[in-house]
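Shown next, in structure tokens, is the structure this report addresses.
Throughout, protein chains are lettered first and strands after them, A, B, ... in sequence-line order, and every chain is numbered starting at 1.
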Amino acid sequence: MSTVFDIRDLNVRFSTPDGEVAAVSEVSLALKPGECLGLVGESGSGKSQTFMAAMGLLARNGTASGAVHYGGTNLLTANETDLNKIRGDRVAMIFQDPMTSLTPHMKVGKQLGEVLIHHRKMSAREARAAALDMLKRVHVPEAERRLDMYPHELSGGLRQRVMIAMALLCGPEVLIADEPTTALDVTVQAQILDLLREVRVQHGTAIVLITHDLGVIAGLADRVAVMYAGRIVEVGDVRQIFRSPRHPYTAGLLSCTPSLENRVTATALTTIPGQPPNLQRLPAGCAFHPRCVKVDDRCRAERPALVGDTACFKAEAA
Amino acid sequence: MLSYIVRRLLIAIPTFFVIVTACFFLMRAAPGGPFDAEAPVPPEILANLRAAYNLDKPLVQQYADYMVRMVQGDFGPSFKYKDFTVTELIAQGAPISAQNGLAALILAIMIGVPVGIMAALNQNSRRDYTAMGFAMTGIAVPNFVMAPTLILIFAIWLKDTPFQLPAGSLGDGGVKHRILPVFTLSLVYIAYLARITRASMIEALRQNFVRTARAKGLPYRSVVVRHALKNAMIPVVTFLGPATAFLLTGSMVVETIYALPGIGRYFVQGALNRDYTLVMGVTALSAALILIMNLVVDVAYAYLDPRVRYDQR
Ligand SMILES: Nc1ncnc2c1ncn2[C@@H]1O[C@H](COP(=O)(O)OP(=O)(O)OP(=O)(O)O)[C@@H](O)[C@H]1O
Ligand SMILES: [Mg+2]
């Protein structure tokens, strides 16, 4: 099966004054053309850093090992020039906080236009026209007027639309959406998700949808990967996983999420006891074992590998 | 924006008068008077002197007279330099101080800001540490040490070499005579600007919108220049406002050591001599400059960050 974006054995480490943080460990994800992959997990589980590393956007104290292939290029080892031919053109990323993710002192039209001027060598006028076109396609009302506005003059939802327009300008094959709706209020969230669905259908863009909200995944993704403490603990078809999660952590997440398709009954709504582990001092064995209901001695001693779809010794029983 | 500037200038007028008034009464409250240092004079002559300089009237009367004349641009005669009015003294000295200050300011911006940016882009590298080491030294070494050191090096040790520089005094008025004083003046500002620029650039590069710009695939150069730089300049401008006012009004130390006839000397000498009118004159000048520079800074904020808007309401 063909793959547009291939993460192989990715590790991300941060060096900090009090030790090394293992933010992402041995993550492999393959994205097929046009599919939507959901990536879920609690805060701090390494969802964002997986794709920050892939895009060459790690903080200065971070290092990545492994490989991230797009086309014939390994993005982790590519030089800045080669990376910049792909970033923003073939692979685009949008971020959680549309309030701070746009440059405050640059007009919207200019921020959009510079993408095309850089990647497509357009003139400023052509770029402006194309930017206007794209704003209309993501349903920004009064698009012409918005071009000459500064980001702070737009609402949160509009800013996220501008971010999405910016990401789509060059017709990317892959769109990474890092919690695109988390900072928005509920009605706007639904609109943005509708827009992403539309993007997928109309542009055939493969989308990675990072979120901690399983409800968001359910409506949009084909496949879902669940991360815990920097590792993928379960991956598979959305419906399958929602119907019968095999990893106890996935099961826990599902029971924390109200009103899914296959509705876990409201009475079963619970929280997972305990805290996510400290990434500087991960427990021996399975990182989830201190919180797991099915824990036994093997889980404490030995780390389960991702075999098939899940990384759990108890998967059969789950 | 224009109406904002006009409004700010109108507000600046009462502020200016408060400063001048405070200065007037503080000067008079200081012990001693303008004629104390001279050889003892007979009481009749002292009385005449006091009458001639309008010091025999009640304080409030003196203040009223002074203000009326100041509004007309007359700062009165100097007590110490008896043949000159304060306006004449300032008119002679201010251009020299302002020229040196302006040159030092431009030099400081041209060196300090790029060095700060370079240090930020190479954070924690050898270059960064070297630059910041020099900056710390520049801040730690006071002018009155730096100036004689530079004179020692460039006027004495390098004498009769192509690098020789005169140790000040306008003399023939050549540009060469300005090099050492301007450099001395600017050193501490180069150092501060490098440090402030470095810190604010590092901060700007951490912003989410810089990450967005990088994710767009722009070359790092345009990420820095187009997206980070303006944001990073905000603290720099904040520093430059008052710094400009201080630089343009001259430095007592530098003008004394290099024997330059600027107005920097008047601040300290005037105060020591109880030269009331001279002190009032230079205070009024620097107060006006600071008020104007504050306004310039606020206008610059609106340029650097469109979220800053003054027109509403
Ligand atoms: N520059 C850094 N230095 C040290 N640790 C970091 C750094 N950046 C991220 N981390 C750590 O890496 C871990 C993974 O972070 P990541 O941003 O990928 O989490 P996430 O799954 O996206 O969570 P969230 O839902 O909160 O966005 C976190 O524990 C975080 O504290
Ligand atoms: Mg995140």
Side-chain angles (χ1 to χ4, degrees), chain A residues 48 51-52 54-61 79-108 110-120 148-153 159 162-163 166-167 169-170 172 175-176 178 183, chain B residues 1 117-129 198-238 298-312:
Chain A
S48 298
F51 284 92
M52 293 290 179
M55 294 289 276
L57 297 174
L58 284 182
R60 295 180 63 97
N61 63 335
N79 64 36
E80 188 89 5
T81 317
D82 290 340
L83 192 57
N84 280 339
K85 286 188 186 130
I86 293 170
R87 290 199 289 208
D89 185 341
R90 306 320 307 144
V91 182
M93 187 159 180
I94 58 178
F95 300 96
Q96 170 169 347
D97 191 353
M99 303 295 165
T100 58
S101 292
L102 289 166
T103 301
H105 56 72
M106 209 187 269
K107 287 178 181 166
V108 166
K110 236 182 163 177
Q111 298 196 47
L112 289 163
E114 68 176 354
V115 176
L116 293 164
I117 291 171
H118 174 65
H119 288 295
R120 293 286 175 268
D148 293 313
M149 287 186 165
Y150 289 101
H152 73 274
E153 296 171 292
R159 278 182 236 186
V162 168
M163 285 291 291
M166 201 152 82
L169 280 170
C170 294
L175 174 66
I176 300 159
D178 188 355
Chain B
M1 185 51 85
I117 293 173
M118 185 277 295
L121 295 182
N122 299 284
Q123 199 189 335
N124 299 334
S125 69
R126 270 256 284 293
R127 282 162 139 195
D128 180 19
Y129 291 138
R198 175 184 181 273
S200 63
M201 194 60 176
I202 287 174
E203 184 59 30
L205 289 173
R206 281 205 202 106
Q207 302 288 317
N208 284 348
F209 60 79
V210 168
R211 187 183 59 191
T212 307
R214 293 178 63 204
K216 281 154 86 170
L218 303 179
Y220 199 56
R221 217 191 133 75
S222 29
V223 172
V224 171
V225 174
R226 289 167 62 94
H227 291 269
L229 191 61
K230 254 191 175 182
N231 204 258
M233 283 302 104
I234 293 171
V236 175
V237 164
T238 308
D298 285 344
V299 171
Y301 285 155
Y303 164 74
L304 293 174
D305 185 349
R307 286 171 295 188
V308 177
R309 276 276 163 266
Y310 300 118
D311 292 338
Q312 283 122 355

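- Taking the side chain to side chain donor-acceptor pair (under 3.5 Å) definition, one finds that B/Thr212 meets it with nothing, sequence neighbours left out.
- Not counting sequence neighbours, the partners of B/Asp305 by the salt bridge (charged side-chain N to carboxylate O under 4.0 Å, His left out) test are B/Arg307.
- Atom OH of B/Tyr303 has 12 or fewer heavy atoms from other residues, nucleotides or ligands within 6.0 Å.
- A/Met99 does not touch chain B: none of its heavy atoms, backbone or side chain, sits under 4.5 Å away.
- The line from CZ of A/Arg60 to CG of B/Leu205 is 8.5 Å long, rounded to the nearest 0.5 Å.
- B/Asn231 contributes atom CG, which lies 5.5 Å from atom NE2 of A/His105 (distance to the nearest 0.5 angstrom).
- Heavy-atom pairs under 4.5 Å with chain B were tallied for A/Gly88, A/Pro151, A/Cys170, A/Ala92; the largest tally goes to A/Gly88.
- Formation of a donor-acceptor pair under 3.5 Å by the B/Lys216 side chain with backbone atoms of A/Met166 is not found in this model.
- The side-chain heavy atoms of A/Glu153 and B/Pro306, taken from C-beta on, include no pair separated by under 4.5 Å.
- Residues A/Met52 and B/Arg211 are in side-chain contact: their nearest non-hydrogen atoms beyond the backbone lie under 4.5 Å apart.
- Contact of B/Arg206 with chain A is not made at all, since no heavy-atom distance falls under 4.5 Å.
- At least one donor-acceptor pair closer than 3.5 Å links the side chain of A/Arg87 to the backbone N or O of B/Arg214.
- Shortest non-hydrogen contact noted between B/Pro219 and A/Asn84 is CA-ND2, 3.7 Å.
- Side-chain atoms of B/His227 do not come within 3.5 Å of backbone N or O of A/Leu102 as any donor-acceptor pair.
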